[in-house]
Amino acid sequence: MDQTELPTRRRSRRRVTPAPEVSLPGAFVNSPVSLGRSRFVLLSDAEIEGLRARSLDLLADYGVVIIHPKAREALLAAGAVEGRDADRLRFPRELVEEAIAAAPRAFRLAGKTRAFDLAVPRVDDGFVMRTGTGAHGYVDPGDASYRNLDLTAVREMAAVASGLEQVGFIAHPFVHGVPEVTADVHSFAEMVSHTNKHCWMQPYGKENIEYLLKIAAIAAGGEDALRANPITSVITCSFSPLEFKHMDTEVILRAGALGLPLHACSLPSAGGTAPLGVGGLVLMAAAEILSMLTVAHVLVPETPVIAVPLMFTLDMRTGSALQSCPESIQAASMAVQLMRQGFDLPTHTYGAGSDTPDADHQSQSERALLAQAVALAGADILGGVGQLECATVFSPVQAVLDDEMGAMVRRFLQPPDVSAEALNWEEMLQVRAGGHFLDSTHTLAGCRDQHRPGVFLRQGRDDYEKAGRHTAFDAARERALELIAAAPEQGVLSADQRQEIAAVVAAADRHIVEDVYHGTATQVI
């Protein structure tokens, strides 16, 4: 379906290798009707307005710490005011409102070809999913063994995610087996080389940004091609509460100069870096996201910014951060509603993930509740596909199960038709006693429109027993292994591109590992 066919504001396109081509709605195929009618929200209009006002008041009356001389100078020139302590700037309400009004409301997350482009927002007012990021651990899909996430795992993650129909883009994880300070460079280089889908870039150090952007330009076919078709978007994070490291401000400056979309990410923890309570957690995230939006508006005007409230709650008994407890799920739903309804910004949050370390019954329960809550709130992007143990572990098998869940949530959001024709009203008025609708022309016309699962089971007990109790988990494992086996060993880039990227990675290791961290290079602040 062409994305211009629907009257609502949203996106899409087609799909991915190596899975067989389908026409069911997914990351690159729109739903036949708008999903915007299917909403469940926790905040009233008055509460939205109250939180909106407090977000602006917090920035105007107290402000944020920004440790970046160039950005500080530009913000002061734009109307920011020095705060009560060192490096703190207060953002007048007018400046923040100007940034909100000027924010692009429609843009692309490009793939390496137009078939993999993602429009934000979608034409059908639905969502797209992306894989988990930041994971340090990996659950092998073959034998379920656990190991530190390495470059082999990155290739396998790319292979699986490239074949999942609900996954629109892929995040690179942390990797072991390479220099720690350039782990992001190694991981992004591997990921972007092995998928045609859009990749989410996450820098780990300010010196690394230049090398990451060089790799993206090579993979795109040159810097001009990267500007025209941004095959990567970049995360910039707050340092809760209300602080910003030099690196994250530099990300805004450098990525924005190339026109790359920015994911303005706030990661507050209730009871830790934010007040204990759902409302305070949402308010902290909103203020930090608006701060990044304002900085982007001043430094790199017209850069697309996606609001990313990633909500955590500290378990007061253990000190662990939780992403899928009821409080975090409530906060995620409310934050999505506030950023979309209160500020009209595209929004991205966890729509999958669990606090358990394994792809077990608890995992499925927690992530199903989370996905449904944030999708009903109107999130544009549901993150966390495949992630476990509060975003620290990646499981390809769980990723396949998440893709299945995403398809179900997407279908759940599609409003049913209740017209007389859809009700089969005339035939209902004539059905005989003891009759049925099996041979109805209405049934025959619509029987193929029902949702069809990929790995979830719909079999009776006898067939289940005959199959050796082959579960949805088993089917998901087989699907993951099939995708890994089918992936091209050398990736999707040309030999010249691979060679150029390898040279950039080697240069990053020489400069960052040997010079910067051994004290022989001059660091630019």
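Judged by distance alone, with hydrogens and angles left aside, the side-chain atoms of Lys112 form no donor-acceptor pair with the main-chain N or O of Ala220 at under 3.5 Å. Side-chain atoms of Ser266 never come within 3.5 Å of backbone atoms of Ile289 as a donor-acceptor pair (strictly under, hydrogens ignored). The backbone N or O of Ala103 lies less than 3.5 Å from a partner atom in the side chain of Arg105, making a donor-acceptor pair. Put simply, the side chain of Arg227 gets close to the backbone of Ala257: a donor and an acceptor are under 3.5 Å apart. Between the side chain of Ser494 and the main chain of Gln497, a donor-acceptor pair closer than 3.5 Å is present. In this structure, the side chain of Thr303 engages the main chain of Val300 through a donor-acceptor pair within 3.5 Å. No side-chain donor-acceptor contact under 3.5 Å links Arg108 to the backbone of Leu118.
Nearest approach of Asp403 to Val167, heavy atoms of both residues: OD1-N, 3.7 Å. Of all heavy-atom pairs between Asp117 and Gly111, the closest is OD1-N, 2.9 Å. Across every non-hydrogen atom of Ala216 and Ile231, the tightest pair is O-CD1, 3.6 Å.
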Criterion side chain to side chain donor-acceptor pair (under 3.5 Å) on Gln202 and Thr133, from CA distance to verdict: CA-CA 8 Å; Gln202 183 174 4; Thr133 183; 2.8 Å; yes
Leu382 vs Val374, side chain to side chain contact (heavy atoms under 4.5 Å, CB included): CA-CA, chis, key distance, verdict: CA-CA 8 Å; Leu382 307 189; Val374 298; 3.6 Å; yes
Audit row: Ser145, Asp140, side chain to side chain donor-acceptor pair (under 3.5 Å) steps and yes/no: CA-CA 5 Å; Ser145 62; Asp140 190 287; 4.9 Å; no
Evaluation steps, side chain to side chain donor-acceptor pair (under 3.5 Å), between Ser363 and Gln398: CA-CA 9 Å; Ser363 173; Gln398 182 65 71; 3.0 Å; yes
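Note on ring orientation: taking the six-membered ring where Trp is involved, the planes of Trp200 and His348 are tilted (angle from 30° to 60°). Using the six-membered ring where Trp is involved, Tyr211 and His511 have ring planes that are tilted, between 30° and 60° apart.
Phe91 has its side chain within reach of Val64: a pair of non-hydrogen atoms, C-beta onward, lies under 4.5 Å apart. When side chains are defined from C-beta on, Pro203 counts as touching Ile235, because their heavy atoms get closer than 4.5 Å.
Not less than 6.0 angstrom separates the ring centroid of His172 from the ring centroid of Phe174.
A salt bridge between Glu250 and Arg254 is present, with a side-chain N of the basic residue lying under 4.0 Å from a carboxylate O of the acidic one. The existence of a salt bridge linking Asp360 and Arg367 is excluded, since no basic side-chain nitrogen approaches an acidic carboxylate oxygen closer than 4.0 Å.
Rounding to the nearest 0.5 Å places OG1 of Thr249 at 8.5 Å from CD1 of Ile67. Atom CG in Asp355 sits 4.5 Å away from atom CG in Leu322 (nearest 0.5 Å). For the atom pair CG (Leu58) and CG (Leu56), the distance works out to 9.5 Å, reported to the nearest 0.5 Å. The distance from atom CD of Glu210 to atom CD1 of Ile215, rounded to the nearest 0.5 Å, is 11.0 Å. Once rounded to the nearest 0.5 Å, the distance linking CG of Leu242 with OG of Ser291 reads 6.5 Å. The OG1 atom of Thr294 sits 8.5 Å away from the CG atom of Leu75 when rounded to the nearest 0.5 Å.
In Glu180, the CD atom is not crowded: 12 or fewer heavy atoms of neighbouring residues, nucleotides or ligands sit closer than 6.0 Å.
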